2 protein chains.
Amino acid sequence: MKDMHLIVQKLRDRGYRMTAARQAILNVLLSSTRPLSPAELHQRAREKYQGVGLVTVYRTIEALIDLGVLRRVHREDGCHGYVYVGYGHRHIAVCRICGKVIVFPGSEDVLALEEKLWQETGFRVDDHLLQFVGVCAECQAREKEGIQQ
Amino acid sequence: MKDMHLIVQKLRDRGYRMTAARQAILNVLLSSTRPLSPAELHQRAREKYQGVGLVTVYRTIEALIDLGVLRRVHREDGCHGYVYVGYGHRHIAVCRICGKVIVFPGSEDVLALEEKLWQETGFRVDDHLLQFVGVCAECQAREKEGIQQ
DNA sequence: ATATTTGCAAAACATTTGCACGGAA
DNA sequence: TTCCGTGCAAATGTTTTGCAAATAT
């Protein structure tokens with residue numbers, strides 16, 4: 001919940017108003033380590049503030065992506081989830097067992113790849129989307145013990 | 001259209017039957033350099049074989065993704081497109097002006113990143129999704145001439 | 001022959017929009 | 001007091017399913 005104050009500030013700076021619904025949605029996002037679908041987000045936000053509507057969830061997601069602190073996660077099945085990633089971060093690794101997301105800063109390794117692509121094909125990269133899928137440390141430990149999920 | 005024979009073979013091996021509809025859809029996919037949405041794919045396939053239904057397009061996409069030769073492309077707006085990428089290829093770069101896709105093989109640069117992630121967090125990467133967005137060489141040239149797409 | 005594949009209509013979902021009211025600034 | 005934000009209902013779009021007829025093997 002550490003960035004709450006900062007985000008609220010940024011939202012105000014951009015002319016967004018702070019409402020109970022947005023507080024609730026923001027709260028849920030900041031305390032979740034895995035990507036939530038709009039529907040899940042809606043459900044959880046309601047636990048904190050009764051009157052949140054699904055439409056408001058969509059609109060808040062839009063605002064937070066616009067702000068740059070929320071990340072859309074693509075699942076292989078085509079659905080979307082959203083995770084809070086904060087500022088300056090770029091890459092995520094999604095655990096396919098527990099769904100947890102690890103966020104880590106962008107790296108020069110990708111820059112090297114972009115450079116190589118440019119030299120070989122002339123393609124100029126403006127942005128990239130890098131998403132790892134695998135198993136987190138905790139779930140690996142759990143796998144060893146033979147305990148499922 | 002070079003891989004047509006190979007793909008048909010693979011499909012048969014898996015028990016899929018070859019039909020006119022699938023031929024048409026496969027033809028369109030193999031001759032397109034940019035990702036097509038199911039609707040676009042449907043439209044184009046109809047030009048080759050009148051009676052293709054949209055549902056069949058969805059089902060064929062499913063089969064080809066299952067085969068591993070078709071790649072789902074995530075657009076920032078949440079829509080999906082599909083491109084033929086062949087076997088053993090992993091990464092794509094999408095031109096945001098003409099939509100063309102460049103496919104290139106996976107690289108050790110990403111492996112290095114995976115290794116780093118593993119050492120620092122214990123996360124074991126099984127798969128990754130890397131997608132570049134930028135401007136291809138041709139569109140850059142066109143930009144210089146001041147001619148808009 | 002016979003099991004798969006098909007197109008269609010309808011169902012199921014996900015996302016967006018129009019609108020009058022309520023609430024933050 | 002002035003807009004922005006809200007929830008609702010309805011519109012839009014996309015993807016999936018049920019089914020009997022058609023077809024590849």
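This one's a predicted model, so the numbers in the text were calculated from it and none came from an experiment. Hydrogens, waters and symmetry mates are skipped; everything else that's a heavy atom, side chains included, is used.
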Exercise. Can you sort out the partners of B/Ala63 under side-chain contact (heavy atoms from CB on, under 4.5 Å), two or more places apart, ordered by chain and number?
Key: B/Tyr16
Quiz prompt | Spacing between A/His42 atom NE2 and C/dT15 atom C1', to the nearest angstrom | solution = 14 Å
Self-check item: Spacing of B/Gln23 atom CD relative to D/dA24 atom C1', expressed in whole Å
Solution: 12 Å
Practice problem: Would you please name every residue forming a salt bridge (Lys or Arg N to Asp or Glu O under 4.0 Å) with A/Asp126, sequence neighbours left out? | Solution: A/Arg124, B/Arg96
Quiz item: Are A/His128 and A/His91 near enough that their ring centres are under 6.0 Å apart?
Solution: yes
Quiz item: Could you give the CZ-to-P distance, from B/Arg72 to D/dT14, as a whole number of Å?
Solution: 14 Å
Quiz item: With B/Arg12, which residues qualify under salt bridge (Lys or Arg N to Asp or Glu O under 4.0 Å), at least two apart?
Solution: none
Quiz item: Quick one: are B/Gln23 and B/Asn27 in side-chain contact, heavy atoms under 4.5 Å?
Solution: yes
Quiz item: What residues in residues 8-20 of chain A put a non-hydrogen atom under 4.0 Å from any atom of DNA chain D?
Solution: A/Tyr16, A/Arg17, A/Thr19
Quiz item: What pairs with B/Glu138 under salt bridge (Lys or Arg N to Asp or Glu O under 4.0 Å), at least two apart in sequence or on another chain?
Solution: B/Lys100
Self-check item: Between C/dC13 (P) and A/Glu40 (CD): distance, integer Å
Solution: 15 Å
Self-check item: Atom pair distance, as rounded to whole Å: CD1 in A/Ile61 and P in D/dG5
Solution: 16 Å
Practice problem: Assign each of A/Pro38 and A/Arg59 to its nearest nucleotide of DNA chain C by heavy atoms, then name whichever residue's nucleotide is nearer the 5' end. | Solution: A/Pro38
Exercise. Among the candidates C/dA14, C/dC8, D/dT16, find the nucleotide nearest to the side-chain atoms of A/Tyr58.
Key: C/dA14
Quiz item: Of B/Ala39 and A/Gly53, whose closest DNA chain D nucleotide lies nearer the 5' terminus?
Solution: A/Gly53
Exercise. Nearest whole angstrom, please: distance from the P of D/dT15 to the CD1 of B/Ile65.
Key: 11 Å
Exercise. Report which part of the nucleic acid A/Arg22 touches: base, sugar-phosphate, or nothing (heavy-atom distance under 4.0 Å, all strands).
Key: sugar-phosphate
Self-check item: Test side chain to side chain donor-acceptor pair (under 3.5 Å) applied to A/Gln119 - qualifying residues, sequence neighbours left out
Solution: A/Glu115
Quiz item: Can you check the B/Leu54 CG to C/dA11 P distance for me, whole Å?
Solution: 18 Å
Exercise. Return the value, rounded to whole Å, for the distance between atom OH of B/Tyr82 and atom P of D/dT15.
Key: 6 Å
